[in-house]
Amino acid sequence: MMTLIPIEWLRFSRNPLNLWVLALFFVLMTVSATWSGLVAREYRHTEATPVKIHAGVNQAEMHDAPKAHEPAEKSSAYALGSKAQALHMPALGGLALNVSQLDFLSTTINASIRNRHTDGRTSDPLFNPLMHELGFLDFATLLALFTPLLIIALSYGLIQEDRESGVWRLVCTQSTKPWMLVFTALAVRFSLVLMLMFISSGITFALDSGASLAALGQWLVFISCYALLWFAIAGLALLLRISSGAAALVMLGVWLILTFAVPAGLSFAANQHSAMPSRLTAIINIRHFQELSNQQRQSLLSKWYTDHPEITPPSTELAREISSLPAGLELDSQIRPLMVSFDAARKSQFEFMERWSALSPALAMVLMADRLAGLDAPRYADYIEQVNHFEDQWRARFVPSIMANSPWSANESAPLPSFAFNAQQDNAACWRLSGIQALIALAFLGLLFALRRQFAKS
Amino acid sequence: MISAIVHKEFVSTLRDGRLLILGCSLLVIFVGFLLSSTLQTQQLRAEKHSVGSTAKQQWDTQSIKSPHAAAHYGIYVFKPDTAVAALDPGLRPFIGQSLWLEPHKRNFERFNPSADETLSHRFGQMTTSFVLYALLPLLIVALTFNTISQERERGTLRMLHSLGLNTQALVFGKLVGLLAAFSLVLSPALLLAFLLLQESFNLSADEGLRLGLLLLSFLLYYAIFAALAIAASAYFKTSRVTLFFLLAFWLGSVFIGPRLGAVLAQAWSPNPSAEVFWAAIKQDIDLGLNGDGNHEQRNKAFEAQLLAQYHVNSKDELPVGFVSLNRQFNDHYSSRVHALHFDRLRDNFLRQQHLTLIGSSLGPSLAMRSLSMTLAGMDLAHQRHFEDAAEDYRHYFINLTEDWDRERSHGTERNAKGESNDWRSVKDFSYSPPDSRFALQQAQLDLVVLTAWLLVALLLLSLSAKRLTP
């Protein structure tokens with residue numbers, strides 16, 4: 001086989017069409033890699049040096065807040081507690097792979113004693129929906145889309161064309177193992193495709209200032225398995241006794257099914273497995289809770305003091321925002337599980353898709369990229385859980401002082417709660433995704449090897 | 001002569017096994033997507049209606065409270081989808097599902113469905129429109145890539161040449177024949193789509209017109225692909241090279257062009273981050289626009305003007321509620337600032353939309369997608385139309401609650417109350433989507449791009465005919 005490689009390389013390189021296809025793919029992936037890397041770098045830069053902006057609320061909206069003439073200590077306890085704390089979810093080393101997905105996640109959430117769920121300004125990202133409808137040049141998405149097409153373009157009709165021209169009959173009469181020629185041709189192409197995939201991946205990771213070697217290593221292993229799997233499929237298609245044009249259409253059909261139809265089907269199945277609650281129904285529930293807490297404001301206030309005997313109710317009349325704080329906290333405790341149910345469903349759907357990723361290599365690649373970027377649903381659900389935990393700590397720190405109407409300065413010595421989300425890459429999940437692809441690729445290659453004698457039939 | 005070529009191409013295309021297999025497969029996919037999309041649109045319409053009614057009922061049945069507290073409870077409104085949205089949901093997955101109208105601030109629609117999805121349409125939306133703009137052109141490529149190169153490879157082209165056949169007649173005859181056969185195969189699917197939409201949504205005249213325009217646009221779009229495919233088949237020597245070229249064109253047009261356009265638009269005309277956007281609004285409200293004075297100065301001036309108007313010396317002596325009047329004054333200013341920033345942002349969205357058309361240089365798919373979304377009423381322009389109507393309604397109901405508050409209190413009191421009858425007197429939000437003329441106005445640029453592509457395709461077809469050699 002080693003002696004065949006230089007010959008096959010010569011045959012491959014003398015076909016200008018092959019070189020054109022490779023060049024086009026490389027240009028496209030380099031553009032995508034550069035864009036993805038630069039956007040990821042910019043994001044990390046912004047994340048590292050956040051602009052000190054507190055959009056907060058306007059004075060006109062603060063009619064429920066303490067007024068300037070009210071005691072300074074009460075004002076500052078409430079004001080400090082209401083001051084939004086921007087909690088960040090840091091991305092991981094493979095952010096450049098799926099960077100535009102950042103727009104769909106609230107990676108910065110403002111938490112305070114106020115309810116954050118009903119105000120879009122506290123967490124919702126801002127983007128032009130049309131841009132996402134058209135799609136961006138995300139590296140992993142383009143690699144998942146175009147690598148199979150490159151493999152199809154380089155390998156379709158390898159045998160069929162020779163059969164049509166009668167050359168294959170000649171090859172079979174002169175060689176005892178004609179399959180060796182096919183395997184060598186595929187091996188040459190595999191090496192070239194892998195080289196381009198590695199170079200473009202290297203570019204995108206190099207440009208992303210926060211990229212990690214661990215993520216790069218995982219990624220290179222995965223894309224090797226991905227390319228191998230598609231070459232195995234291309235090899236099996238060479239066994240078909242059809243015209244080269246028909247072979248191209250069959251391969252395109254396989255690409256369409258594996259890349260578009262199967263993920264769409266799995267998405268549907270995932271929703272059946274773990275149905276996403278309705279956001280519209282959630283609105284109705286939230287409004288119901290709002291009205292209820294409004295009606296129970298006084299009773300909830302009394303209950304709060306009963307539940308906290310260590311705090312003596314102030315003898316003076318409380319400001320409205322303070323007297324309604326227990327109702328606000330009660331409202332939040334009812335809305336929070338509703339909001340968490342969306343993240344839980346998303347996490348469950350993601351894990352369902354991972355389990356079935358064997359059915360679609362492109363889907364597996366996107367899931368892998370999400371994992372390496374740190375934008376996967378399970379990690380995001382963990383982040384939300386920790387944000388909620390921090391919010392509870394923050395409130396536990398401030399609410400007693402606010403409700404006691406005591407001077408804030410007395411508590412200043414105790415440190416304020418801090419937030420640090422450090423969930424790292426889930427290596428086990430990444431290896432599982434790569435392992436599944438490798439196993440399928442090896443199974444297909446094994447099948448191709450078992451059927452190798454079919455190539456001898458002219 | 002040309003009629004004979006048209007007839008031959010028409011018959012041979014219909015007899016082609018590829019059309020039978022691929023056409024039937026696509027028909028099944030089209031019908032599957034259409035049924036699923038129609039059901040989804042129906043369910044969404046029903047859910048929006050049900051949730052809208054419940055939310056309004058919740059508003060109507062609020063307890064006795066301050067009118068301003070009731071205003072804070074707010075009203076939810078929902079953008080109605082046209083029936084054509086079942087064919088092309090457009091921006092629906094990327095735009096929020098509900099708009100909360102409340103005092104003091106203007107909101108964006110919240111909870112876009114993509115944020116709740118795992119895949120978030122990474123490879124494009126799997127919808128009926130995907131079949132129409134992406135898969136059907138692929139079918140045309142598959143049917144036509146060897147329409148002339150095969151005649152050359154078989155030697156029939158040489159025979160035709162020796163008979164003195166006009167090459168222009170040959171290529172244009174093939175185009176007409178192919179499009180006729182294609183339309184014939186497509187027509188059952190389109191008829192089915194029309195009947196299904198009529199049955200499910202009871203189409204209005206305007207929706208029927210929108211559907212008709214959409215159909216015409218897609219025929220134009222397919223004609224571009226067919227003309228280019230035949231031109232390529234005539235130009236390149238072998239079917240293999242032709243197929244390579246056409247697949248590359250299809251990929252460029254459907255997948256690369258739109259993405260490239262989006263990236264360029266984002267780079268050349270970026271949007272502010274949410275943090276910067278909201279902070280700029282806050283700053284303009286706090287500090288004032290164009291020498292209006294800051295929040296405090298404006299309030300002082302307003303108070304002075306009010307005292308002079310009512311000929312009293314202090315706010316407590318005012319015969320109407322000062323708190324409400326002052327709030328209304330501030331809200332009016334806040335609305336002005338919000339409108340300024342919202343318009344600026346949406347103008348930038350529009351600029352980005354125009355910039356994305358640079359991606360149309362790689363193919364007509366981007367312009368077709370944009371046109372299709374607009375005709376379906378699921379584009380940025382229709383969204384803006386809805387948001388502006390909702391904003392007008394927000395002003396109406398907030399002003400109404402402030403009127404109650406003002407009339408039912410005096411001076412600096414905060415004891416005005418509203419009750420069930422008041423809440424019920426608030427009119428429902430009634431939104432009429434713009435008609436198809438509005439859609440056509442918005443889609444002018446897309447139509448220009450599509451027409452330009454058609455002219456280029458026909459020109460290339462004509463040139464390839466001149467260069468056609470056996």
Side-chain angles (χ1 to χ4, degrees), chain A residues 17 21 24 28 35 51 53 55-56 58-61 63 101 104-105 120-121 124-137 141 145 149 153 157 244-245 248-249 259-260 263-264 267 270 276 278-281 283-284 287-288 290-291 294-295 342 346 349-350 353 362-363 366 377, chain B residues 47-48 51 54-55 58 62-63 73 76 91 94-95 97-98 104-105 107-108 110-111 114-116 118-120 122-124 126 142 146 239-241 243-244 248 251 255-256 258-259 261-263 265-266 271 273-279 282 285-286 295 327 330-331 334 349 352-353 356 380:
Chain A
L17 205 56
V21 171
L24 270 176
L28 183 65
W35 177 82
V51 186
I53 296 172
N58 303 306
Q59 283 186 48
E61 294 173 47
H63 48 72
Q101 293 309 306
F104 295 117
L105 298 177
R121 294 175 300 181
D124 287 4
L126 184 65
F127 58 84
N128 182 347
L130 179 68
M131 300 298 109
H132 279 282
E133 208 285 325
L134 300 177
F136 286 104
L137 293 172
T141 307
L145 273 175
L149 289 172
S244 56
L249 293 179
T259 309
F260 299 99
S267 195
M276 182 62 69
S278 161
R279 289 279 184 187
L280 298 182
T281 308
I283 288 170
I284 294 299
R287 287 173 74 79
H288 173 69
Q290 281 174 327
E291 178 63 12
N294 184 54
Q295 287 172 8
F342 291 96
R346 205 167 148 264
Q349 290 188 2
F350 188 94
M353 287 205 183
L363 172 70
V366 165
Chain B
E47 192 177 14
K48 279 182 177 177
V51 170
T54 312
Q58 285 176 324
Q62 286 180 90
S63 54
Y73 191 51
Y76 278 90
L91 301 181
F94 305 100
I95 288 181
Q97 305 172 59
S98 64
H104 312 311
K105 66 176 191 278
N107 292 318
F108 287 109
R110 292 195 73 196
F111 311 128
S114 287
D116 288 334
T118 307
L119 279 178
S120 297
R122 238 62 81 88
F123 303 121
M126 292 300 103
N146 59 357
S239 304
R240 184 183 170 88
V241 179
L243 185 60
F244 266 109
L251 276 175
F255 290 106
I256 303 171
R259 288 169 189 270
V263 164
Q266 188 76 13
N271 293 308
S273 68
E275 211 171 18
V276 170
F277 177 79
W278 292 116
K282 179 183 185 303
I285 292 173
D286 287 349
H295 180 74
R327 203 163 44 214
N330 280 324
D331 270 2
S334 167
F349 283 180
Q352 288 187 327
Q353 184 179 355
T356 57
L380 287 173

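Letters go in sequence order (proteins before strands), and every chain restarts at 1. What's counted below: heavy atoms across the whole structure, side chains too, no hydrogens, waters or symmetry copies. As the structure is a prediction and not an experimental result, all values here were calculated from the model.
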* **Spacing of Q353(B) atom CD and L130(A) atom CG [to the nearest 0.5 Å]** => 5.5 Å
* Could you check which of A377(A), A362(A), S267(A) has the highest count of heavy-atom pairs closer than 4.5 Å to chain B? => A362(A)
* Asked: So which of V21(A), L24(A), T259(A) has the largest heavy-atom pair count under 4.5 angstrom toward chain B?
  -> T259(A)
* What heavy-atom pair brings K48(B) and L280(A) nearest, and what distance separates the two atoms? -> CG-CD1, 4.0 Å
* Asked: So which part of Y73(B) gets closer than 4.5 Å to some heavy atom of chain A, the side chain, the backbone, both or neither?
  -> both
* Structure fact -> Nearest heavy-atom approach of V51(B) to I284(A) is O-CD1, 3.5 Å
* To do: Give, as side chain, backbone, both or neither, the part of M131(A) having an atom under 4.5 angstrom from any heavy atom of chain B.
  => both
* Structure fact -> CZ of F255(B) to CG of L28(A), rounded to nearest 0.5 Å, is 12.0 Å
* Nearest heavy atoms of A262(B) and G135(A), plus distance in Å -> CB-O, 3.4 Å
* If you take all heavy atoms of M276(A) and D116(B), which pair is closest and at what distance? -> CE-O, 2.9 Å
* Structure fact -> Of the listed I283(A), L363(A), L249(A), the one with the largest count of heavy-atom pairs under 4.5 Å with chain B is I283(A)
* Heavy-atom donor-acceptor pair, R346(A) side chain to A115(B) backbone, under 3.5 Å -> yes
* **Atom group of F342(A) that falls short of 4.5 Å from chain B, counting heavy atoms** => side chain
* Would you mind checking which part of P263(A) comes under 4.5 Å of any heavy atom in chain B, side chain (CB onward), backbone (N, CA, C, O), both or neither? => both
* **Side chain / backbone / both / neither for F277(B) at chain A, heavy atoms under 4.5 Å** => side chain
* **L105(A) versus chain B, the contacting section by heavy-atom distance below 4.5 Å** => neither
* **Structural part of A248(A) lying under 4.5 Å from a heavy atom of chain B** => side chain
* **Residues which pass side-chain contact (heavy atoms from CB on, under 4.5 Å) with S273(B), listed by chain and number, not counting sequence neighbours** => E275(B), V276(B)
* Can you find a pair of side-chain heavy atoms, one from Q62(B) and one from N294(A), that are under 4.5 Å apart? -> no
* Can you tell me how far the CD atom of Q266(B) sits from the CG atom of L134(A), to the nearest 0.5 Å? -> 11.0 Å
* Heavy-atom contact with chain B under 4.5 Å, split by part of L17(A) -> side chain
* Parallel, tilted or perpendicular: ring planes of F260(A) versus F123(B), cut at 30 and 60 degrees -> perpendicular
* Interchain contact, A270(A) with chain B, by part (heavy-atom threshold 4.5 Å) -> neither
* Asked: Given that the side chain runs from C-beta out, which part of Q295(A) has a heavy atom under 4.5 Å from chain B: side chain, backbone, both or neither?
  -> side chain
* To do: Give the minimum heavy-atom separation between E133(A) and F94(B), together with the two atoms involved.
  => CA-CE1, 3.5 Å
* For N146(B), check side-chain contact (heavy atoms from CB on, under 4.5 Å) against everything at least two apart and list the hits. => R18(B), S149(B), Q150(B), S239(B)
* Do S278(A) and E47(B) come within less than 4.5 Å of each other through their side chains, counting heavy atoms only? -> yes
* Asked: Do R259(B) and L145(A) touch side chain to side chain, with heavy atoms closer than 4.5 Å?
  -> yes
* Count the heavy-atom pairs under 4.5 Å between each of L380(B), N107(B), N271(B) and chain A, then report the option with the highest count. => L380(B)
* To do: Run the numbers on R279(A) and Q97(B) for side chain to side chain donor-acceptor pair (under 3.5 Å), then give the verdict.
  => CA-CA 8 Å; R279(A) 289 279 184 187; Q97(B) 305 172 59; over 6 Å; no
* Below 4.5 Å from any heavy atom of chain A, which atoms of A265(B) appear? Answer side chain, backbone, both or neither. => side chain
* To do: Specify which of A153(A), P125(A), A264(A) makes the most heavy-atom pairs with chain B at under 4.5 Å.
  => A153(A)
